[in-house]
Amino acid sequence: MPSDILRKLTTILAADAAGYSRVMEIDEVEGLRSLRAARAIFKKFIARHHGRVANTAGDGLIAEFPSVVEAVQCAIEVQRELGDTQNTTDTALNFRIGIHLGDVMIDGDDLLGEGVNLAARLQTMAEPGGILISQQVYDQVHGKLTVGFDYLGEKRPRNFSEGVQVYCVSTLSQTHPNVFVPEPPRPGADPQSAPSPQSEPEPMASQRASDWPEDEFDEVLNKARPDATASDRLPPNQALDIKKRAKQFGLIFGAICLVDIFTDRGIWAQWPGLVLLTAWLFQAAPMWASERFSLRYLRIAIGVGALVMINILSWSGHFWAFWPAGALIVVELLRRRRTRTRT
C-alpha cells in the first residue's frame, strides 16, 4: 500500500546561536536585537540561494535547499556577513552551522527525520562562527567551491548507529586557497577508527550548543585524533602525497644548490630552500596535530620558526624576529580569549 508520508531528498542547513542564554542574561533587549539582525541576514542569503526557512525555534533555524552547492555557499556568505556586522560587545551572537544532504519527511512546511537530526548534530559540534558538513555534502561540493575543507574524521552522534564522516569549511581558505584536503577512509574500512561513545560529545536534540562547555569543542576543527599515529591521522593516499612532495622539494632544493655553486654569485640557495621547507611543513602539519598541539598552534610554531631562521640567516647583530613572532603569539592569545568570551 502506498505510504501517506511524503519524503524527499534535500539539503538541510541547521543553525544555532552560541551563548544565546548568556547574552539574554546580560541584556535581553540587545540580545533580541542581535538575534533579529542575525535572522534577517540568514533570510536574505537563504532567499538569494533559492532556499527556504523550514523551521525556527528560539535562537535556531532549519532551512532547506534544492542545491547542495547553494546551501554551502549560503552558509559561507552568512558567516562572513555576521563576522563583518557583529561587534565585540557582550551581546554579539556567533552562529554554528551544520549541513547535510539526506532524506527527510514533510509535515506541512516542516521537515522531520534523520536527515534533519544529523544536520542539527553537526551544528552542535561546530565552533562558533564555523560550518560543519557531512560526507554526502562534501562529495558534492569539494570540487565546485573555491574554499578549502578540513577532514575531522569519523564522529558518532548520539542515537546514530553508524559513524559520520565530518568536514569543516576551512577558515584558512581566504588566504590559502590550496588548503590541504584529505580524503577520509570510507565507513567500515577501519573499525578501530570509530570513536567510542564516551569519546564524543553526544548532545540531545533538545540541547543547545551554547549549553556545552566551551573547552569541549575548543579548536575541534583543527585537531587530529590524539590516539592515532602520524600515519593514521591522514588517509594513506594523502600521507604518501606528503612524502612524495618532500622528495620533490628535496630535488628542487638540490638543483638550486647546484645552480648556486656554479654561478659563483655568493650563497643564496638558503632562501628558496627555507621557502620550500616552510611550505612543506605547513602541508604536513596535520600529521603531527594532536589534542595537546592543535593544527593552529603547529602552524603558528612553523611561522615563528621561519621568522627565526630568516633572522639567523640574515644576522646583523640584532634579534628582530622576537617582535613579529611575539605579535603572532599575542594575536592568537587575543583570538582565543575573544572566542572564550563570546562562547
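On a predicted model such as this, the values are computed, not experimentally measured, just so you know.
Nearest heavy atom pair, residue F253 against residue A269, reads CE1-O, 3.3 Å. Between L122 and G98, the shortest heavy-atom contact is CB-CA, 3.9 Å. Shortest non-hydrogen contact noted between V104 and V116 is CG1-CG2, 3.8 Å. In this structure, F65 and A63 approach most closely via the heavy-atom pair CE1-CB, 4.0 Å. Nearest heavy atoms, L274 versus A306: CD2-O, 4.1 Å. Across all non-hydrogen atoms, the minimal contact from P128 to A18 is CG-CB, 3.9 Å.
The pair E77-R80 fails the salt-bridge criterion, with no side-chain N (NZ, NE, NH1 or NH2) lying under 4.0 Å from an Asp/Glu carboxylate O. Using a cut-off of 4.0 Å between Lys/Arg side-chain N and Asp/Glu carboxylate O, K8 and E64 are scored as salt-bridged.
For W323, the CH2 atom sits in a loose shell: 12 or fewer heavy atoms of surrounding residues, nucleotides or ligands are nearer than 6.0 Å. The number of heavy-atom neighbours closer than 6.0 Å to CD of E28, taken from other residues, nucleotides and ligands shown, is 12 or below.
In this structure, W271 is not a member of the same hydrophobic cluster as L258, with clusters built from ILVMFWY side-chain heavy atoms closer than 4.5 Å. Both Y138 and L9 are part of a single hydrophobic cluster, where members link through side-chain heavy atoms under 4.5 Å apart. Put simply, L328 and V331 are part of two different groups of oily side chains (I, L, V, M, F, W, Y) that touch within less than 4.5 Å, one to the next. Linking Ile, Leu, Val, Met, Phe, Trp and Tyr residues whenever their side-chain heavy atoms come within less than 4.5 Å leaves L251 and L281 in two separate clusters. Side-chain heavy atoms closer than 4.5 Å link hydrophobic residues (I, L, V, M, F, W, Y) into clusters, and following such links, even through other members, never connects F95 to L32.
No side-chain heavy atom of L61 sits under 4.5 Å from any side-chain heavy atom of N55. Here the side chains of V308 and F322 are not in contact, with every heavy-atom distance at 4.5 Å or above. Using a 4.5 Å heavy-atom cutoff, the side chains of Q79 and N94 are not in contact. Inter-residue side-chain proximity for R36 and R33 is flagged as unmet; no heavy-atom pair is nearer than 4.5 Å. Side-chain contact between L145 and V69: present, with at least one pair of heavy atoms (C-beta onward) separated by less than 4.5 Å. The side-chain heavy atoms of S314 and W320, taken from C-beta on, include a pair separated by under 4.5 Å.
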Item to complete: Dump the intermediate steps for salt bridge (Lys or Arg N to Asp or Glu O under 4.0 Å) on D16 and R96, then the final yes or no.
Response: CA-CA 5 Å; D16 192 86; R96 297 179 168 103; 5.8 Å; no
Discussion item. One pair to check against salt bridge (Lys or Arg N to Asp or Glu O under 4.0 Å): E70 and R48. What are the steps and the verdict?
Written reply: CA-CA 9 Å; E70 295 286 352; R48 179 177 299 178; over 6 Å; no
Worksheet item: Step by step, would you call Q136 with Q140 a side chain to side chain donor-acceptor pair (under 3.5 Å)?
Response: CA-CA 7 Å; Q136 292 85 342; Q140 298 295 320; over 6 Å; no
Worksheet item: How far apart are the C-alpha atoms of V53 and K43, what are their side-chain angles, what is the distance that settles it, and do they pass the side-chain contact (heavy atoms from CB on, under 4.5 Å) test?
Response: CA-CA 7 Å; V53 176; K43 291 179 179 179; 4.3 Å; yes
Worksheet entry | Full working for side-chain contact (heavy atoms from CB on, under 4.5 Å) between L132 and L152 | CA-CA 9 Å; L132 294 190; L152 304 185; 3.6 Å; yes
Discussion item. With side-chain contact (heavy atoms from CB on, under 4.5 Å) as the criterion, how do R52 and L111 come out once you've worked through the C-alpha distance, each side chain's angles and the decisive distance to 0.1 Å?
Written reply: CA-CA 11 Å; R52 75 174 184 91; L111 301 178; 3.9 Å; yes
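H49 NE2 to I76 CD1: the interatomic distance, rounded to the nearest 0.5 Å, is 9.0 Å. Separation of atoms CZ (F149) and CD1 (I133) is listed at 4.5 Å; rounding is to 0.5 Å. Atom CZ of F262 is separated from atom SG of C257 by 11.5 Å, given to the nearest 0.5 angstrom. Rounding to the nearest 0.5 Å places OG of S134 at 9.0 Å from CD1 of I99. Here the CD1-OG1 distance, from I62 to T56, works out to 10.0 Å after rounding to the nearest 0.5 Å. Taking NZ from K155 and CE from M125, the interatomic distance works out to 7.0 Å, rounded to the nearest 0.5 Å.
Of the possible polar contacts, none joining the D107 side chain to the D110 backbone as a donor-acceptor pair under 3.5 Å is found. Using a distance-only test at 3.5 Å, with no hydrogens or angles considered, no donor-acceptor pair links the side chain of T278 to the main chain of V275. At distances below 3.5 Å, not a single donor-acceptor pair connects side-chain atoms of R39 with backbone N or O atoms of G60. When atom types are taken as modelled, the side chain of D150 and the backbone of C168 share no donor-acceptor pair closer than 3.5 angstrom. Judged purely by atom type and a 3.5 angstrom limit, N311 uses its side chain to pair as donor or acceptor with the backbone of H318.
Other members of the hydrophobic cluster containing L333, listed by chain and number, are I329; membership follows side-chain contacts under 4.5 Å among ILVMFWY residues, whether direct or relayed.
The six-membered or imidazole ring of Y167 lies near that of Y151, with a centre-to-centre distance under 6.0 Å.
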